[in-house]
Amino acid sequence: MRIIHLPLALSSCLLVGGCASKPEEQAPASAVPSIPAPSGPSVLLITLDTTRADRLSPYGHTNIETPTYQAIADAGTLFSHAYSTCPLTIPSHSTIMTGTPPPVHGVRDNGDFILGDEAITLAEQFQAAGYSTFAFTSAFPTQARWGFDQGFDTYHDPLSRLPDELDWRDERQAGVVIDDALATLNDDEGPAFVWIHLFDAHWPYSPPEPFASQYKDSPYDGEIAYADSQVGRFLTWWDQNHPDSVVLITSDHGEGLGDGGEQTHGYLLHDGTIRVPLLLRGPDIPKGAVIDEAVSHVDIAPTLLATANLPIPETMQGRNLLTGGSETAYSEALTGQFNLGLAPLFSLTETAGRYTEGGWGGFYPMSDQGIATEPDKDADLGPYTKKWERIQAGFPVPEQDVATEASLDAEAWEQLAALGYVGGDPAAPAGNIDPRDVIDIIPLTWRARMAIGSGRPQMAEKMLAVLETRMPNAFGVRTLRARLDAAQGRHSEATAAFTDLFLQSPQSTLALTLASLHERAGNWEEAVDWYQEALHIQSASPDAMAGLVRAYRMMGMLEQSQLLAEQFLQIYPDHARIILVRAELLLLQGNFTDALVDAQTALQLNPNSPWAFSLNAQIQWELGEADAAIDLLTEALARDRFNLDLRLKLAECFLEVGRNAEAVRTVRPAAALLPEAPWVQDLASRAQTALATERAHR
């Protein structure tokens, strides 16, 4: 796969999101042909995140009230067997917007890719036709940073907090998104293309009242019912102002809920995760019709252009849904490969059923209840494997794959991890273990990661023992083992393990981890090498920038450090780690006041950073605020228990102010662990002597 790195000078809009408008110079003029003034209908596209088709009343679900979707189905056409090309938000929406499958648009995973400028999108086509184009999205995976803003005059994707703070709370509920859309769109708007994305049905399921009480036994259904009510609220306004419009409602993918053993989504290709609702209403669209043939997300873009009487670009590979759509729905799930080193999964779905290729091939037949979750062991796979080989041969070869690799800061990667989309390695080699065979223990990898991060090594060790038995030598499991070594202070073992992993699969996150390990050990020259390696792989990584500046400073190369800091701060003026670097440089210059302002700002932006606590402590100490400095150092050590430098600093501070017993307790673990380290033993000895002297004078 050919990876194109983002340029070093990224805009602040890409980092924070929430930009109200898109610059006009979005795409090369040659990418979208000039089209006369618009005469077609307005078009509304609504994508519901993580929404199964069989959880909507038009699809036969009787335990949930979705009157809005039912009304659209009654007034238009329902596609009973529509399928996503990928059970992940970013690749799926890339398909919806381009009319091409992931191997063509190149976005194969969440977090690893950005839809490139070379893509011709649905919004660009409408914009070039003179339509006003608007997008209102609700969560991190549909922010403009992923390339989705191409062709939109207005793109609203704000999240309430800065990237350093993002976590599970940072979605906009459907009501907020709809309020935004209603406040932004004008009553007298001419022909418009509007995209609304609602994230509510994504885990964790927490619908507002009265839906929480009404669906207390099935909060997932409650989220779907709540979204339906908000879509209905918007459609009331929309239909009054755009009475002859085209409306298409779908979801990006479904949710496993136990189908095939998968509770969420991303790893398997079954009806729970890739069968999606698809409802289409508008002029000349049959009312109350049900289409049972298999269709795909690739068919959405050409269909919407056709309903607006606009030409369909040759790049779009889907077919108009109103003339039959795609005969075969292609889907893929590469998360197992990218995140854990398992076999990738590919599937072809037709009216008769689904063929899935991975570590092994299997055919899943269609029945009245949908496509089976267990393969037909007696099926003749020959025709299906031949068809798969023909389709696969038509995809771009790896050297032609031009998806842009996402250059994200650590906070963005953490946000994806919180969403269950832990960024993997797009160059990771495919393993032989099929995700279908280990789906029961894949959630154990998430729990092991959480146990490591929350300081529960014994629990993590038990989980890893199971994972290493069931998925021996899997890349992701080896990564967890290395992270556990690092969390338990086994830095030499962790460094060796991460180095082996990097040599097998060079990626910036591993380079940053190695830089951090060398930094903790005081090996600043090695840390510089790994920070430079990370920047070589991901040229816009602010963590690599901040780390490089700090490493040069610690090596005494202050001029180089200052020069890089000024360069990087022009790119990321509001990033916590780079603000910390600036604070350190101000501290070196003796400018304690401004250094404290920067350090406190960084701590507010990243309240769990040991570095931020430590630097604030150092500045407070210089200002003569010893107690405040000690409190801050204590907080820093609580967040990084195996950081020797922090432990020794805190012990020295305790000793300096005469809190000798606390100095002894703080340095004791380091002295026991490092009996041959003279500086550690010296500090331990001084602390013991001071305590003995104090007690002798009582």
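Keep in mind the model is a prediction, meaning the values are calculated, not measured.
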Trainee: Looking at side-chain heavy atoms only, is the closest gap between L683 and R686 below 4.5 Å?
Mentor: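 Touching, per the 4.5 Å side-chain cut-off.
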Trainee: Roughly how far, to the nearest 0.5 Å, is CD1 of I579 from CG of L603?
Mentor: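 Reported to 0.5 Å precision, the distance equals 11.5 Å.
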Trainee: Within the 4.5 Å heavy-atom criterion, are L334 and D109 side-chain neighbours or not?
Mentor: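 Side chain of L334 against side chain of D109, heavy atoms only: no contact under 4.5 Å found.
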Trainee: On a heavy-atom basis, which atom in F498 and which in L514 lie closest, and how many Å separate them?
Mentor: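 For F498 versus L514, the nearest heavy atoms are CB-CD2, 3.6 Å.
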Trainee: Of all heavy-atom pairs between D598 and A583, which one has the smallest distance, and what is that distance?
Mentor: CB-CB, 3.7 Å
Trainee: For the residue pair S213 and E209, confirm or rule out a side-chain donor-acceptor distance under 3.5 Å.
Mentor: yes
Trainee: Does the Lys NZ or Arg CZ of R553 fall within the cation-pi geometry relative to W524 - under 6.0 Å from the ring centre and within 45° of the axis?
Mentor: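 Cation-pi check for R553 and W524: fails.
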Trainee: Please confirm whether W146 and F140 have ring centers closer than 6.0 angstrom.
Mentor: yes
Trainee: Using the side chain to side chain donor-acceptor pair (under 3.5 Å) definition, which of the options Y531, W530, W611 pairs with E519?
Mentor: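 Option passing the side chain to side chain donor-acceptor pair (under 3.5 Å) with E519: Y531.
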Trainee: Would you check if there is a donor-acceptor pair between the side chains of Q604 and Q600 at a distance under 3.5 Å?
Mentor: no
Trainee: Please answer whether the main-chain N or O of Y267 pairs with a side-chain N or O of E262 as donor and acceptor at a distance below 3.5 Å.
Mentor: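 Yes, the answer is positive, given that a donor and an acceptor are paired below the 3.5 Å cut-off.
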Trainee: Hey, does the side chain of T495 reach the backbone of H491 with a donor-acceptor pair shorter than 3.5 angstrom?
Mentor: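 Yes: the side chain of T495 pairs with the backbone of H491.
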Trainee: Please check if the number of heavy atoms outside M450 that lie under 6.0 Å from its CE is greater than 12.
Mentor: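 Count not over threshold, so no.
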Trainee: Is the shortest heavy-atom distance from the side chain of S561 to the side chain of L585 under 4.5 Å?
Mentor: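 Yes, close enough: below the 4.5 Å cut-off.
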Trainee: Is the distance between the ring centroids of H156 and H197 under 6.0 Å?
Mentor: no
Trainee: With side chains defined as the heavy atoms from C-beta onward, is the minimum distance between R483 and T479 less than 4.5 Å?
Mentor: yes
Trainee: Using ring centroids (six-membered ring only for Trp), state whether W203 and Y220 fall under 6.0 Å.
Mentor: no
Trainee: Just by modelled atom types, is the A139 backbone N or O under 3.5 Å from a matching donor or acceptor in the T142 side chain?
Mentor: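 Answer holds: yes.
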Trainee: If the threshold is 4.0 Å, N to carboxylate O, is there a salt bridge linking R478 and E468?
Mentor: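 No, this pair does not count.
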Trainee: Taking C-beta and beyond as the side chain, do W446 and T264 meet within less than 4.5 Å on heavy atoms?
Mentor: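 Answer yes - side chains close enough.
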